[in-house]
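Report on the structure given below.
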Amino acid sequence: MSKMLKTQPDGLPLREVLRGLRHIVRRSGEAARDLTNAIADSEADGSVMNQLASTFIAEMEHLAASVDDAASRAARRALGVSGEVTATLPQVHEQGESCAPLAAALYTTLGMVLERMRAEHLFVSEMAAREAVVRWQRHSGSVSDSRLAADLALALADQRVIRGSPAHGDIAVQVSQIVPVAITSVVLWFLVARAPNDSEAALASAADVCVALAARIEQAFSAGDAEMLTALLQKYRNNV
Amino acid sequence: MSDPLVLPRSDLPPTNEPLRTAARRLRWFRAAFRRVVTRVAEDLGCTFEIDDAKLAAIFMRWLEELDRQRPQERAERAAFLEFASSLCFRALIADLPLRALSAPARPSADEPGQFWPEAYACTIFCLSVHSAAVEQEFHVVPQLSPEATELRSWWSFRENVREDTAFSAGFLQKILGHEPNWFMPDNFRSRLGHWLFDPEDASGG
């Protein structure tokens with residue numbers, strides 16, 4: 001594991017494990033319910049097993065939601081606002097503070113974007129986000145804001161910040177476009193100045209803009225073409 | 001004084017940016033569309049369902065069209081600002097992003113809102129944003145043609161749009177008091193004569 005993990009004081013590995021377990025539970029939850037329902041139909045003690053399975057899933061959800069809430073609050077505090085994340089990516093980069101708050105914000109917003117794209121069953125790794133941010137923070141030299149965002153997007157993709165495979169076909173984009181579009185949506189949103197009361201609307205707009213650009217975004221990611229992605233971000237950052 | 005069909009600026013979402021800039025942001029565009037549709041629904045006595053994904057796709061197609069047609073010359077900026085609303089209207093009519101869930105209960109039978117509620121809501125949206133932006137930029141209140149409320153015009157509009165959605169751009173230009181080029185109503189370069197508003201007109205108005 002990375003050096004960074006040895007010095008983390010904030011329980012990220014535990015959160016990641018809990019989220020991983022929740023992900024597995026969610027993915028297998030339907031199958032477990034189907035199985036216990038079948039047992040309940042045929043055997044007397046099936047209903048007890050069904051109840052146990054449901055209780056376990058609910059407990060897992062509750063536990064994971066609690067750590068998510070705590071991490072989200074910490075991220076918001078660290079980014080300088082109490083209610084919503086309003087700092088832009090260039091501001092965060094310029095401040096050069098710990099990568100943890102940005103990674104936590106990326107985790108939260110990626111989850112929201114995936115939900116909007118109807119791909120919420122995919123797993124978002126905050127640890128991978130943190131690794132990507134560490135690499136990105138080391139970025140030296142003066143580059144444009146859009147290039148900063150493009151570099152972060154490609155670093156997030158390299159670290160496989162989004163994992164898993166889609167569970168159903170009702171997704172807003174093609175399967176191969178989910179990861180590039182979700183990541184680009186979040187970095188585009190991070191480029192945009194936004195007030196606390198329209199931060200969520202801005203994220204939804206960024207996601208919708210990127211869904212419309214899915215083919216071009218996928219092309220940039222496939223080629224690892226930071227310049228192409230920079231050009232897209234630059235062109236559309238004023239349309240979110 | 002603005003036309004009663006048009007929503008006042010104060011009814012559109014607030015923004016610190018010029019309206020011509022805000023309208024090219026999806027979050028403002030979407031919020032404005034929702035507000036106008038809500039107002040129209042109240043006026044007509046019906047309920048609309050908005051397809052958010054469709055509206056976003058329409059917005060993006062409109063941006064692409066603006067990019068394709070935007071003139072280089074600064075002198076044409078004002079005319080293009082006015083023309084832009086007819087391109088937006090065309091994009092909305094070509095793929096209506098809303099659906100009336102019930103028939104309008106309030107208007108009399110000869111009103112356009114009763115005849116085609118979805119297109120009527122899109123018309124009010126484009127006219128409202130257009131009027132507010134033009135007034136903010138040039139301090140002139142656009143005057144609407146009586147055709148905006150004539151059912152005969154709406155019959156013709158609906159029939160022609162079935163053949164070619166570009167007709168809708170001309171329909172909005174006509175409502176705004178201009179003579180469209182009916183062969184290519186959605187092409188800025190092909191517009192006829194000196195019919196679009198420009199800064200010289202503004203100083204006289």
Inset, instruction - Sort A:Val211 into side chain, backbone, both or neither according to what part of it lies under 4.5 angstrom from a heavy atom of chain B. - result: neither
Inset, instruction - Against chain A, label B:Phe29 side chain, backbone, both or neither, depending on which of its atoms sit under 4.5 Å from a heavy atom there. - result: neither
Inset, instruction - Please state whether the side chain, the backbone, both or neither of A:Ala193 comes within less than 4.5 Å of a heavy atom of chain B. - result: backbone
Inset, instruction - Can you tell which part of A:Ala204 gets under 4.5 Å to a heavy atom of chain B, answering side chain, backbone, both or neither? - result: both
Please tabulate the donor-acceptor pairs under 3.5 angstrom that span chain A and chain B, backbone and side chains included.
unit_1, atom_1, unit_2, atom_2, d
A:Arg116, NH2, B:Asp52, OD2, 3.2
A:Ala193, O, B:Arg27, NH2, 3.3
A:Asp198, OD2, B:Arg27, NH1, 2.8
A:Ser205, OG, B:Arg27, N, 3.2
A:Ser205, OG, B:Arg30, NH2, 3.3
A:Asp208, OD2, B:Arg30, NH1, 2.5
A:Asp208, OD2, B:Arg30, NH2, 3.0
A:Arg216, NH2, B:Glu64, OE2, 3.1
A:Lys235, NZ, B:Asp67, OD2, 2.2
A:Tyr236, OH, B:Glu64, OE2, 2.5
A:Asn239, O, B:Leu26, N, 2.8
A:Asn239, ND2, B:Arg24, O, 2.8
A:Val240, O, B:Arg25, NH1, 3.4
A:Val240, O, B:Arg27, NE, 3.0
A:Val240, O, B:Arg27, NH2, 3.3

Legend entry - Residues of residues 152-161 of chain A contacting chain B, heavy-atom criterion under 4.5 Å, by residue number: none
